[in-house]
Amino acid sequence: MQDLTMLNESQQDAVKCVDGPVLILAGAGSGKTKTITSRLAYLLSLGIPPANTLTLTFTNKAASEMRERAMAMIEEHTYPPLLCTFHKFGLLFLKFHIEKIGRKNSFVVIDTDDKKRILKSFSTSTELPTGMIASEISRYKTSLIDPKVAWEKAEQKSYQVIAKIYEQYEDYLESNNLVDFDDLLVLPYKILESDDALCEEVSHRYQYIMVDEYQDTNELQYKLLRKLCFTHNNLCVVGDDDQSIYGWRGANIKNILEFHESFDNVKIVKLEKNYRSTTQILKAANDLIEHNRGRIGKVLESTKGDGKAIEVMDSHDENQEAHSIAKRIKKLILSGVSPNEIAVLYRINALSRSLEEGLNKEQIPYNMVGGVKFYERAEVKDVISYLRVIANPHDDFSIKRIINRPKRGLGKVTIERMIKSAYDNRQSIYEYITCNESAIEKEATKKASLALKEFVQNIAYIRSIQENSTYDMIDAIEESFAIKEYYNNQPDSLERISNIDEFYGLFRDYVKQNPQMNVDDFLNELALQSDQDQIDSENISIMSIHASKGLEFEYLFVIGLEEGFFPLIGDGSDIEEERRLGYVAITRAKQELTLSFSASRFYKGRRTELTKSRFLKEAGVCEGSLIFEKTTSFKKGDLVKHKIFGIGRVTEISKVGREFKLQINFSGTRRDILASFVEKI
DNA sequence: TTGTCCCATGTTTTT
DNA sequence: CATGGGACAA
């Protein structure tokens, strides 16, 4: 029997509830991962075969962390339980069952960027932004609304347009045997729904299901889970309604709020003991989240003692803010704090710029989490497209990406014409080029048709190498297509080339370690991979609050606590979700928390005056009105610059209403000017 | 076909 | 400010 003495009472409760639906409300820092992994180990120790369990997470990072911790607890010879992301599960499922809906299991998984490219290639005339079309389509798909219904339901013209594009998109995916991220959940659901026998078999197979971060599940994931557990309802979901911060991308907080009504005899276990933060920090978090109405309700209790008071820092502008934070961080590091115990969080990525400058000035190395993902960089995606074409030359989608990269003298017109001819001939682009040499010579310039001929020959050549050795393929690719050479003459060449090399290395490693897998498997696995796990343990971290979920730091700074920035106000913004975001931010801190706001910021090309965030007051860390009590960083004697009058020196400072008026000496002429019109130099 | 310049635009992000 | 996309010239 699994040893549970390391767990507190409620954690043990959660672990021991094996049968039936269980909701574990796990507050921030309450030992959630420990509880889930212990529960998994406990299930196995009861004699439940590992293959009959299924544990689902949202990110690969969470999945691997859990796997690691669970494996440490269970006996070594045990067959590993299935523990993966929702999407990986969908991928595995489709590999086995996609043929039931008349598709081949050699499908290719496309990412968001691919999706947008496809959509862009359709919408020749619409003014609708591609991103918006993409997210609407995603919404339709995850709500199981097919294009026809979408069209019928569309009242506005723009939604009719979207419905049409949606239809075209679905046809495109099917005819090219592509699968997008939504399909990884939608298609398994559709298959299960149309095949009761299979549904029963699958449900029977996964006798014990656990879901992590349940507050982030969407409608479709809920439905899928219902299918998976319908014969037994042994479903254990773990989450925190106060940490639901992905509503904007379809997460449905109702899933967790109404879990006890959706299933019969739900057992609820609350984990409210917090092992992470001091009482002061938790009090602020509790006070803040208290202001939300739509929540189950729980109060975190600290085990770490009172701690230091939360500090509220105010600055004149973002540069001063960055400077002060950099100096504080420097002091912490000099006093012996390890840099990896320090982090700075922000609500929107745009705020990172000034922060980075401030850290650079103090020569503090930092590690920015998030940003452009490795596998999403243009140069890496180019190489991936080459691999896809080599694996399957009829992959028109990937051919289109690389056909003129490196530049082969093919223009938009030539390519379009060729695609159309290929389409009319019912051939793939590759087939068309190989079989219709004479037609191409008529359609394209001499240079272009020669280039095309060489292109398909090279592909065929590499395919022949691949049959003998996948490993040697890389050299042949680089030799034939000179992708690195191409990027050599582009901006950021050094970085791009090293990314390509890194990717080549990854591919070689994969081939070595999985000799039985083919290129397709590698590519599909890649599509589901993100690379945020490489947090550099040597440096301090800076990241968005979203990216900080699940992490913790001894010393934490949160910047940009101003109305409009945090809470962020805009269309589609939800004040309760903003508040939950604030809750997530605060609960990342273990020992010391500093909240910072600035009287003004330079954003979207203009300087805006700001008032401090209502969250400061709601968290009880800042008394007084929301109207920002202005300060000025100008001193008598400062050199300042005015757009018209040029450089001058401050001789007098006074207050006019809530503004500051400076008397400035511009080479002998004294003028009264409002502080916001001059810059310090 | 490709390179350059100007204008519009501007959350959060995983799979 | 900084980036991307469209228009236009070479």
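First the proteins, then the strands, lettered A, B, ... as listed; each starts at 1.
Regarding Q215(A), its CD atom lies at a distance of 14 Å from the C1' atom of dT14(B), rounded to whole Å. Residue Q221(A) contributes atom CD, which lies 10 Å from atom C1' of dT14(B) at whole-angstrom precision. Atom-to-atom, CG of D113(A) to P of dT15(B) comes out at 16 Å; the value is rounded to the nearest Å. Rounded to an integer number of Å, the gap from D212(A) CG to dT14(B) P is 16 Å. A straight line from NZ of K61(A) to P of dT13(B) spans 13 Å, rounded to a whole angstrom. Computed from coordinates, the K116(A) NZ to dT13(B) P distance equals 13 Å when rounded to whole Å.
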Name the atoms and distances for all side-chain donor-acceptor pairs under 3.5 Å in residues 85-98 of chain A, with sequence neighbours left out.
from, atom 1, to, atom 2, distance (Å)
T85(A), OG1, K88(A), N, 3.0
H87(A), ND1, F181(A), O, 3.4
K95(A), NZ, N105(A), O, 2.8
H97(A), ND1, K100(A), NZ, 2.8

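With sequence neighbours left out, P80(A) forms a side chain to side chain contact (heavy atoms under 4.5 Å, CB included) with M71(A). With sequence neighbours left out, the ring-ring contact (aromatic ring centres under 6.0 Å, His included) criterion links F503(A) to no other residue. When the side-chain hydrogen bond (donor to acceptor under 3.5 Å, both in side chains) test is applied to Y140(A), no partner is found at least two apart in sequence or on another chain. Remark: N177(A) pairs with R103(A) by the side-chain hydrogen bond (donor to acceptor under 3.5 Å, both in side chains) rule, at least two apart or across chains. Remark: D240(A) pairs with Q243(A), K298(A) by the side-chain hydrogen bond (donor to acceptor under 3.5 Å, both in side chains) rule, at least two apart or across chains. Listed by chain and number, the residues in a side-chain hydrogen bond (donor to acceptor under 3.5 Å, both in side chains) with R67(A) amount to none (sequence neighbours excluded). In this view, I419(A) and K400(A), I415(A), I429(A) satisfy the side chain to side chain contact (heavy atoms under 4.5 Å, CB included) rule, not counting sequence neighbours.
No side-chain donor-acceptor contact under 3.5 Å links N404(A) to the backbone of K407(A).
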Check the interface with nucleotides 8-12 of chain B: list each N/O to N/O pair with the protein under 3.5 Å, or write none.
from, atom 1, to, atom 2, distance (Å)
dT11(B), O2, R347(A), NH2, 3.2
dT11(B), O4, D571(A), O, 2.7
dT12(B), OP1, N349(A), N, 2.8
dT12(B), O4', R347(A), NH1, 3.0
dT12(B), O2, R347(A), NH2, 2.8

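Boundaries of the chain A contact region on DNA chain C are dC1(C) to dG5(C), first to last in 5' to 3' order (nucleotide atom under 4.0 Å from a heavy atom).
Across all strands shown, F86(A) has no heavy atoms under 4.0 Å from either base or sugar-phosphate atoms.
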Q: Under the side chain to side chain donor-acceptor pair (under 3.5 Å) rule, what do D182(A) and S138(A) come out as? Steps first, then yes or no, please.
A: CA-CA 7 Å; D182(A) 296 326; S138(A) 185; 2.8 Å; yes
Q: Take nucleotides 1-7 of chain B nucleotide by nucleotide from the 5' end and write B, S or -, depending on whether a protein heavy atom sits under 4.0 Å from the base, only from the sugar-phosphate, or from neither.
A: SSS----
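Counting only residues at least two apart or in different chains, salt bridge (Lys or Arg N to Asp or Glu O under 4.0 Å) contacts with residues 349-360 of chain A are absent.
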